[in-house]
Amino acid sequence: MRAEAVRCLDVSMATKSVGWSSPSEKMKLKSLLLRYYPPGIMLEYEKSGQLKTKSIDLLDLDPSTDVSALVEEIQKAEPLITASRSDQVKLLIQRLQNKLGQHSNHKFYLFKVLRAHILPLTNVALNKSGSCFITGSYDRTCKLWDTASGEELHTLEGHRNVVYAIAFNNPYGDKIATGSFDKTCKLWSVETGKCYHTFRGHTAEIVCLSFNPQSTLVATGSMDTTAKLWDIQSGEEVFTLTGHSAEIISLSFNTSGNRIITGSFDHTVTVWEADTGRKVYTLIGHCAEISSAVFNWDCSLILTGSMDKTCKLWDAVNGKCVATLTGHDDEILDSCFDYTGKLIATASADGTARIFSAATRECVTKLEGHEGEISKISFNPQGNRLLTGSSDKTARIWDAQTGQCLQVLEGHTDEIFSCAFNYKGDIIITGSKDNTCRIWR
C-alpha cells in the first residue's frame with residue numbers, strides 16, 4: 001500500500017494530552033507524523049527530544065467501513081488525534097480504504113530480469129514503496145537497485161565473506177543492514193551507499209537480522225548461538241541475548257518494538273525484552289529445528305514453524321502453547337500471519353501450503369500445484385492473495401479464501417528461494433539460484 005503521511009505542525013494540537021510537565025517541554029514536540037504501517041497507522045512524535053511511536057490498528061477496515069464512525073472511535077481512544085486533525089486522519093483512512101479494493105484481479109507480467117551478481121544470490125528485499133530493492137550474494141556484496149529502471153544504484157562493498165541477511169529499515173527505507181558470514185553486520189545509507197557502522201562481536205556467521213519498527217536498533221542472529229542488539233546512532237552493542245544452545249536462524253521484533261523473538265536449531269524459541277535484554281520466557285514444545293518465528297500484528301500471538309512438520313501458536317503474554325497446526329507431510333520451511341492476524345499460512349517441503357484460521361486453528365484451505373518444496377510464503381497487504389516460491393522454479397499467486405491458483409510466474413531456470421510483495425501489493429520480486437532477480441508488475 002502507498003506510504004501515506006500527514007504531518008501536523010500545530011504544536012498545541014498534540015501537546016494537550018501527552019502529559020507534558022512544563023511549557024518548555026511542550027515546545028520539544030515538533031510534529032506529529034501519521035504513517036501508514038499495515039494494517040494500521042503509526043503515530044510518530046517527539047517528546048523531550050526523544051522520537052516516540054504509537055500504533056493504531058485498522059484490522060477491521062474494509063471497503064464497506066464507515067470511515068467517519070471509525071475516526072470518531074480512534075479520537076476517543078487516542079488523545080494525540082484531536083478534533084482539529086480529524087479531517088486529515090479521515091482522508092488518510094479513505095485513501096487506505098480505496099487501496100483495499102484495488103489489485104484484486106491484478107495480473108502480473110514480467111517487467112525486468114536482472115542478472116544481479118556473478119555468484120549466487122542469497123536474499124532479496126524490497127523497500128516499503130517498492131521503488132528500490134536490494135540483493136545479497138556470495139560475491140560478498142549487497143547491491144541496491146532502482147525497480148522502475150532496473151539500474152544498479154549502489155554496490156555496498158566491504159564484507160569479507162558471503163552477504164547472507166539483508167533488510168531495509170521499513171517503513172522509513174533510508175538505511176540498509178547487511179549480515180555476513182564474516183561475522184559482522186554493516187549499516188548503510190540508501191541515499192549515498194556509504195557505510196555508517198560495522199557491528200563487530202559475533203564469533204560465527206550472521207544468518208538473520210531485523211530492524212526494530214522505530215529504526216533505532218538492529219538485531220542480528222548468529223551461528224554462535226547468540227543474538228545481539230545494536231544502536232543505530234552510536235554503532236555500539238546494546239545487549240547480547242544468550243541462552244540458546246544451538247544456532248539462531250530466525251529473529252523478529254513485535255510491532256511495538258518492545259519484544260524480540262529468536263528461533264534456534266535447539267528446537268526452541270525465546271522471547272526477550274528489547275529494552276533490557278532480559279529473557280521473558282522460552283517456548284518449548286517443538287521436537288526439531290525452528291524454521292520461522294513471528295508475532296501477529298497486535299502482539300497477542302506468536303507463530304512458530306519447525307522441521308518437525310508442525311506449526312505452533314503461542315500466547316504471547318504467558319508463553320503457553322495454545323494450538324498445534326498439523327497436516328503437512330514434511331518439514332515446515334516458512335510460515336506467516338496475514339496483516340490482520342486472522343489467517344495463518346504455512347509452506348512445506350511436501351510441496352503444499354496451507355491456510356489456517358487463527359481463531360479456530362482449523363485448516364481453511366490447501367494450496368496444491370507446486371512440483372517441489374515451497375520455501376517462501378507471504379500474504380499481500382490486502383490479505384486476499386498469497387505468494388509462494390518453490391524449488392520447481394516457479395512462484396505462484398493464490399486466492400487466500402479459496403486456495404485457487406490464480407497465476408504461475410514462470411521463467412526462472414533454477415530454484416526460487418526468495419519472493420515478496422511490496423506494501424502496495426502491485427509489485428513482486430523473485431530471487432533464484434539462477435543468479436537472476438525478476439521484477440513482476
Side-chain angles (χ1 to χ4, degrees), residues 103-104 106-108 123-124 249-250 252 263 286 288-296 301-313 323-410 412 414-421 425 428-433 438 440:
H103 315 304
S104 56
H106 183 72
K107 282 286 181 190
F108 288 87
N123 267 303
V124 298
I249 50 80
S250 171
S252 60
H286 283 294
E289 293 93 335
I290 303 297
S291 57
S292 62
V294 290
F295 285 93
N296 65 346
L301 291 172
I302 294 168
L303 173 68
T304 58
S306 170
M307 302 297 183
D308 67 10
K309 309 178 188 177
T310 73
C311 282
K312 289 182 182 288
L313 270 179
T324 300
L325 311 180
T326 60
H328 283 293
D329 299 324
D330 208 337
E331 300 167 343
I332 304 286
L333 301 179
D334 197 18
S335 59
C336 64
F337 287 101
D338 72 349
Y339 283 100
T340 68
K342 293 175 181 175
L343 295 176
I344 293 163
T346 59
S348 172
D350 67 12
T352 72
R354 289 171 182 257
I355 302 172
F356 294 83
S357 162
T360 68
R361 289 84 193 249
E362 297 294 325
C363 181
V364 178
T365 188
K366 194 174 174 181
L367 313 183
E368 297 178 294
H370 278 298
E371 295 172 8
E373 65 181 33
I374 303 172
S375 59
K376 285 289 177 184
I377 191 163
S378 59
F379 285 91
N380 68 344
Q382 293 87 347
N384 61 348
R385 298 287 179 264
L386 267 167
L387 174 65
T388 54
S390 170
S391 62
D392 69 7
K393 309 174 190 175
T394 72
R396 288 176 181 248
I397 301 163
W398 311 80
D399 185 300
Q401 297 303 315
T402 66
Q404 177 189 356
C405 180
L406 302 175
Q407 195 173 353
V408 181
L409 305 181
E410 296 178 291
H412 281 294
D414 206 338
E415 174 181 341
I416 292 175
F417 58 81
S418 188
C419 56
F421 286 103
I428 288 171
I429 188 155
T430 54
S432 167
K433 284 188 176 175
R438 288 176 178 246
W440 312 78

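Keep in mind that what you see is a predicted model, and the values were worked out from it rather than measured. FYI, side chains are in, hydrogens and waters are out, and symmetry mates aren't considered; it's all heavy atoms of this structure.
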Q) Which atoms form the tightest heavy-atom contact between Asp338 and Lys342, and what is the distance? A) OD1-N, 3.0 Å
Q: Test Thr430 against every option in Lys376, Arg438, His412 by the side-chain hydrogen bond (donor to acceptor under 3.5 Å, both in side chains) rule and name the one that passes.
A: His412
Q: Report the C-alpha separation of Arg361 and Leu313 in whole Å, then their side-chain angles, then the decisive distance to 0.1 Å, and conclude whether the side-chain contact (heavy atoms from CB on, under 4.5 Å) test is met.
A: CA-CA 9 Å; Arg361 289 84 193 249; Leu313 270 179; 3.9 Å; yes
Q. Do you know which two heavy atoms are closest between Thr304 and Ala293, and how far apart they sit?
A. CG2-CB, 4.2 Å
Q) What distance do Thr326 atom OG1 and Lys312 atom NZ have between them, rounded to the nearest 0.5 Å? A) 9.5 Å
Q. How far does CG of Asp308 sit from CG of Asp330, to the nearest 0.5 angstrom?
A. 11.5 Å
**Q.** Under 3.5 Å side-chain donor-acceptor pair for Thr310 and Thr324
**A.** no
Q. Out of curiosity, Ser250 OG to Ile290 CD1, how far, rounded to the nearest 0.5 Å?
A. 8.5 Å
Q) Just checking, is any N or O donor in the side chain of Gln382 or Asn384 under 3.5 Å from an acceptor N or O on the other one? A) no
(Q) Could you check whether any side-chain N or O of Ser348 sits under 3.5 Å from a backbone N or O of Ile332, counting only pairs where one atom can act as donor and the other as acceptor? (A) no
Q | Leu303 to Leu325 - nearest heavy-atom pair and separation | A | CD1-CD1, 4.3 Å
Q: Would you name the heavy atoms of Ala358 and Gly341 that are closest together and state the gap between them?
A: CB-O, 3.2 Å
Q) Is Arg385 paired with Asp399 through a side-chain N to carboxylate O contact shorter than 4.0 Å? A) yes
Q) Counting only N and O atoms by type, is there a donor-acceptor contact under 3.5 Å from the side chain of Lys107 to the main-chain atoms of Leu406? A) yes
Q | Minimum heavy-atom distance between Cys336 and Ser378, given as atom pair plus value | A | SG-CA, 3.9 Å
(Q) Could you walk me through whether Gln401 and Leu343 satisfy the side-chain contact (heavy atoms from CB on, under 4.5 Å) test, starting with their C-alpha distance in whole Å, then the side-chain angles of each, then the deciding distance to 0.1 Å, before giving a yes or no? (A) CA-CA 10 Å; Gln401 297 303 315; Leu343 295 176; 4.1 Å; yes
Q: Please identify each residue that fulfils side chain to side chain donor-acceptor pair (under 3.5 Å) with Glu415, with sequence neighbours left out.
A: Lys433
Q: Give a yes or no on whether the backbone of Ile355 and the side-chain of Thr365 come within a donor-acceptor separation of less than 3.5 Å.
A: no
Q.
To the closest 0.5 Å, what do you measure between CD (Glu371) and OG1 (Thr394)?
A. 8.0 Å
Q) Does some side-chain heavy atom of Ile374 sit less than 4.5 Å from a side-chain heavy atom of Asp334? A) no
Q | Nearest heavy-atom neighbours spanning Ser390 and His370 | A | CB-ND1, 3.2 Å
(Q) Any side-chain to backbone donor/acceptor pair from Ser391 onto Glu373? Under 3.5 Å, distance only. (A) yes
Q: Apply side-chain contact (heavy atoms from CB on, under 4.5 Å) to the pair Ser291 and Leu333, showing each step before the final yes or no.
A: CA-CA 6 Å; Ser291 57; Leu333 301 179; 5.6 Å; no
Q: Determine whether Ile377 and Trp398 make a side-chain contact, defined as any pair of heavy atoms from C-beta on separated by less than 4.5 Å.
A: no
Q: Would you give the length of the straight line joining atom NZ of Lys309 to atom CD of Glu331, rounded to the nearest 0.5 angstrom?
A: 8.5 Å
Q: State the CD1-CG distance between Ile397 and Leu386, to the nearest 0.5 angstrom.
A: 10.5 Å
